[in-house]
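Structure, as structure tokens:
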Amino acid sequence: MPLDKAGPYAAEDADVTLRLAQRLVPPLQEMDLLVLYRDLEMPLVEVLAELEYNGILVDPGELDRQRERLEGEIERLKARIDDELYGAIGRTIDHDSPKQLSGALFAKPDAAEPGLGITPIKRTKTGYSTDAEVLTKLADDASVESPVPALVLEYRQLAKLVGTYLGSLKDEINPATGRIHASFNQTVAATGRLSSSDPNLQNIPIRTEVGREIRKAFIAPPGRVLVSADYSQLELRLLAHLSRDPALIEAFRAGEDIHSAVAAQIRGIPLSEVTKEQRSGAKMVNFGIVYGITAFGLARRLGVSNSEADEIITGYKKRFSGITTFLEECVAHAREHGYVETMCKRRRPIPDIESNQPNRRALAERTAINSVVQGSAADLIKIAMVDLHRRLATARDDAYDPLGGVLMLLQIHDELVFEAPQAGAEKARDVIVERMEAAMDLDVPLVADSSISQDWFGGK
DNA sequence: CTCCTCACG
DNA sequence: ACGTACGTGAGGAGA
């Protein structure tokens, strides 16, 4: 039986895509209508309609069990926060109100609404910030006696998991299919990335242990498995290709760990002598380069001074002079044309590149850099998606085709998740990886890592 | 509705 | 002199 949204909406989306594409309204552009690849033509919107139609199977019992466990923890944390605050300032607060927390932490003890009198660390538009960075600093600061910052950090983490995921996802399960059929939007992100909504399946937790557990609720039906494949260092490989920087290209060709290789280069030491800390610093630099690095931003993340961060950046730019030239070219292109372009000619207007306000112009310059790299990565995985979708359609009912019975379920920017018959999963995985790695012919190898598992947790 | 916060790549 | 690493979506408070 057809799903409410997948049937009629698919045709409507295609029509909207066509009309918008003809007017070339950013962020939707010509390449979104037809992704041209070798002899193949396919509107990406058909692939997305397929993803939305397929959906991913979710175990509501698993969500419930995890929710109940965390709700117990949450109640205990709330009670401890209440106790601590009542003892220290004689009042309690709404645990979900940043404004009230700000008062409780930063107001003077003798104020009408008394607070702990802690010295604020950073401001928001409307007051003092209580975000995770601030609370972590307060929790680590020996001169702050109160356990409240640490408790709120823990409370916020669990409340986020219950509120946004464990409590809400169950309501998104379609009763007819037992699956969540999220939307994958083609016309939202300015860089050309997809986005996901209702619910967003591109931000399911993975970075913390307790959060990652949630992925155990995303499962394959009996006799089937989830196959996940993700590009290794996609944006940095594209940076190497686009910039033609010899050192970065050579590091990728040699199959080196790229963060360690960059650490060795900036410090002029052998790869074997790179420490964990040096690698992690280089990783921050690599991220920073793709985002449009600033000394301030790097300093904040590395916990070093502005001038030390500046020296690191200078060293990087000297060792990787091809990258430096490329970054300058991105900015120059934006100045000359008012927009930048990805590998597949997707344009993003950069109007603020001419701004007289230094901070706006600086943001425009970082945007120019990031849009080329992030947008080209989006181009690349879209090509892989169209290619794979065609193969899946051809193979659909062919039991002898490795992709027979395989469904594409999710795209998470550099990762694709499929559902496949358990029996042929390894062969299906091999074809998927092979096609993803062949999406574009770059000056560096394109590598996709993969996993096969009963649920989305078991993977990476 | 805006703001803040926080989940992901 | 100025505020800062890019791109998203969602939930709760507060207005």
Side-chain angles (χ1 to χ4, degrees), chain A residues 27 93-102 122-136 152-153 155-169 172 182-185 188-208 210-212 214-215 230-231 233-236 239 284-302 306 309 313 327 330 340 348 350 355-375 377-378 381 410-416 460:
Chain A
I93 59 169
D94 182 336
H95 310 82
D96 293 317
S97 168
K99 189 185 160 106
Q100 290 185 37
L101 178 63
S102 170
K122 74 176 173 187
R123 304 195 60 112
T124 66
K125 277 184 199 170
T126 55
Y128 296 127
S129 173
T130 67
D131 69 14
E133 187 192 344
V134 169
L135 295 181
T136 303
V152 172
L153 270 175
Y155 167 77
R156 285 227 182 119
Q157 190 201 358
L158 301 187
K160 178 77 172 182
L161 298 180
V162 169
T164 306
Y165 303 102
L166 295 171
S168 312
L169 282 178
E172 302 283 350
S183 296
F184 286 88
N185 315 300
V188 174
T191 53
R193 272 191 174 184
L194 302 180
S195 81
S196 168
S197 60
D198 309 300
N200 183 358
L201 291 184
Q202 290 181 323
N203 71 345
I204 303 302
I206 194 170
R207 293 176 187 169
T208 68
V210 56
R212 186 176 170 172
I214 294 173
R215 295 184 171 225
D230 70 302
Y231 286 110
Q233 305 297 346
L234 181 56
E235 293 189 354
L236 280 179
L239 181 68
M284 292 293 181
V285 175
N286 281 331
F287 271 100
I289 291 292
V290 170
Y291 293 153
I293 202 163
T294 66
F296 185 94
L298 183 65
R300 198 152 63 101
R301 280 163 185 78
L302 289 184
N306 269 12
I313 294 169
L327 301 180
C330 287
V340 289
R348 177 173 183 181
I350 312 283
S355 175
N356 295 322
Q357 300 177 44
N359 54 338
R360 289 182 72 132
R361 197 170 61 242
L363 173 60
E365 291 173 1
R366 297 196 296 273
T367 305
I369 291 164
N370 178 256
S371 297
V372 174
V373 180
Q374 188 182 117
I381 194 168
L410 303 175
Q411 188 253 39
I412 309 101
H413 309 306
D414 63 358
E415 172 186 11
L416 296 175
K460 316 166 291 64

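Just so it is clear: chains get the letters A, B, ... in the order the sequence lines come, proteins before strands, and each one is counted from 1. Owing to the predicted nature of the structure, the values given are computational and were not obtained by experimental measurement.
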task = Give one of base, sugar-phosphate or nothing for Ile412(A), where a contact means two heavy atoms less than 4.0 Å apart.
result = sugar-phosphate
inquiry  = Using heavy-atom distances to pick each residue's nearest nucleotide on DNA chain C, tell me which of His413(A) and Thr294(A) is more 5'.
reply    = Thr294(A)
inquiry  = Once side chain to side chain donor-acceptor pair (under 3.5 Å) is applied, do any residues pair with Asp94(A), and if so which ones, sequence neighbours excluded?
reply    = none
ask   = For the pair made of CG in Leu169(A) and C1' in dA7(B), what is the distance, rounded to whole Å?
value = 12 Å
message = Taking Watson-Crick (N1-N3 plus N6-O4 or O6-N4) and G-U wobble (N1-O2, O6-N3), each under 3.5 Å, can you produce the dot-bracket string of DNA chain C? Use [ ] for crossing pairs and | for inter-strand ones.
response = .....|||||||||.
inquiry  = Tell me which pairs pass side chain to side chain donor-acceptor pair (under 3.5 Å) where either residue lies in residues 284-297 of chain A, with sequence neighbours left out.
reply    = His259(A)-Asn286(A)
ask   = Please give, in whole Å, the distance from dC6(C) P to Met284(A) CE?
value = 15 Å
inquiry  = In whole Å, I'd like the distance from the CD atom of Glu415(A) to the P atom of dG7(C).
reply    = 22 Å
message = If you define the side chain from C-beta out and look only at heavy atoms, does anything of Gln233(A) sit under 4.5 Å from Asp414(A)?
response = no
inquiry  = Under 4.0 Å, heavy atoms only, any strand: does Ile289(A) hit a base, just the sugar-phosphate, or nothing?
reply    = nothing
key: Whole-Å distance separating the CD atom of Gln411(A) from the C1' atom of dG9(B)   = 10 Å
key: Which residues share a side chain to side chain donor-acceptor pair (under 3.5 Å) with Tyr155(A), sequence neighbours left out   = Asp96(A)
Between P of dC8(B) and CZ of Phe184(A), the distance in whole Å = 16 Å
key: Whole-Å gap separating P (dG3(C)) and CG (Asn306(A))   = 14 Å
request  = Measure distances between side-chain N and O atoms of Arg207(A) and base N and O atoms of dG9(B), and say whether any donor-acceptor pair falls under 3.5 Å.
outcome  = yes
request  = Give every residue pair that meets the salt bridge (Lys or Arg N to Asp or Glu O under 4.0 Å) criterion with at least one member in residues 290-299 of chain A, sequence neighbours excluded.
outcome  = none
key: Residues in side chain to side chain donor-acceptor pair (under 3.5 Å) contact with Ser371(A), at least two apart in sequence or another chain   = Arg348(A)
inquiry  = Expected output is a numbered-order residue list: members of residues 360-373 of chain A with a heavy atom under 4.0 Å from any atom of DNA chain C. What is it?
reply    = Leu363(A), Arg366(A), Thr367(A), Asn370(A)
query = With rounding to whole Å, what would you report as the distance between dC3(B) and dT4(C) at their P atoms?
reply = 15 Å
message = For a quick check under 3.5 Å, do Ser195(A) and Asn185(A) share a side-chain donor-acceptor pair by atom type?
response = yes
request  = Could you please name the option among dC2(C), dA7(B), dC8(B) that lies closest to any side-chain atom of Gln157(A)?
outcome  = dA7(B)
key: Distance in angstrom units between Ile204(A) CD1 and dC6(B) C1', rounded   = 13 Å
ask   = With a 4.0 Å cut-off on heavy atoms, is Arg156(A) in touch with a base, just the backbone sugar-phosphate, or nothing at all?
value = sugar-phosphate
request  = Go through dG9(B), dT4(C), dC2(C) for me and flag the one nearest to the Arg193(A) side chain.
outcome  = dG9(B)
request  = Look at all strands and tell whether Pro205(A) reaches a base, only sugar-phosphate, or nothing, counting heavy atoms closer than 4.0 Å.
outcome  = sugar-phosphate
message = With heavy-atom distances below 4.5 Å as the criterion, would you say the side chains of Arg361(A) and Gln357(A) are in contact?
response = no
message = Once hydrogens and angles are ignored, does a donor-acceptor distance under 3.5 Å link the base of dC6(C) to the side chain of Gln374(A)?
response = yes
inquiry  = Please enumerate all residues that pass side chain to side chain donor-acceptor pair (under 3.5 Å) together with Arg360(A), with sequence neighbours excluded.
reply    = Asp352(A)
key: Distance, rounded to the nearest Å, where Tyr291(A) contributes OH and dC8(B) contributes P   = 13 Å
ask   = Taking the side chain as C-beta and beyond, is there a heavy-atom pair between Val290(A) and Leu236(A) under 4.5 Å?
value = yes
ask   = What distance do Thr136(A) atom OG1 and Leu153(A) atom CG have between them, rounded to the nearest 0.5 Å?
value = 4.5 Å
Using distance only, find each side-chain donor-acceptor pair of residues 156-167 of chain A under 3.5 Å and give its atom names and separation, not counting sequence neighbours.
{"from": "Arg156(A)", "atom 1": "NH1", "to": "Thr130(A)", "atom 2": "O", "distance (Å)": "2.7"}
{"from": "Arg156(A)", "atom 1": "NH2", "to": "Thr130(A)", "atom 2": "OG1", "distance (Å)": "2.9"}
{"from": "Gln157(A)", "atom 1": "NE2", "to": "Thr208(A)", "atom 2": "OG1", "distance (Å)": "3.2"}
{"from": "Thr164(A)", "atom 1": "OG1", "to": "Lys160(A)", "atom 2": "O", "distance (Å)": "3.4"}
{"from": "Tyr165(A)", "atom 1": "OH", "to": "Asn203(A)", "atom 2": "O", "distance (Å)": "2.6"}
{"from": "Tyr165(A)", "atom 1": "OH", "to": "Asn203(A)", "atom 2": "ND2", "distance (Å)": "3.4"}

request  = Go through the structure and list residues passing salt bridge (Lys or Arg N to Asp or Glu O under 4.0 Å) with Glu133(A), not counting sequence neighbours.
outcome  = Lys122(A), Lys137(A), Arg300(A)
Whole-Å P distance, dA7(B) and dG3(C) = 28 Å
ask   = What string of B, S and - do you get for nucleotides 9-15 of chain C, 5' to 3', if B is base contact, S is sugar-phosphate-only contact and - is no contact with any protein heavy atom under 4.0 Å?
value = BSSSSS-
ask   = Does Phe287(A) reach the side chain of Ile293(A), with side-chain heavy atoms less than 4.5 Å apart?
value = no
Side-chain (Gln411(A)) to main-chain (His413(A)) donor-acceptor, under 3.5 angstrom = yes
inquiry  = At less than 4.0 Å, is any side-chain N or O atom of Arg300(A) found next to OP1 or OP2 of dT4(C)? Yes or no.
reply    = no
request  = For DNA chain B, find the residues of residues 125-134 of chain A with a heavy-atom distance under 4.0 Å and give them by number; none if there aren't any.
outcome  = Lys125(A), Thr126(A), Ser129(A), Thr130(A), Asp131(A), Ala132(A)
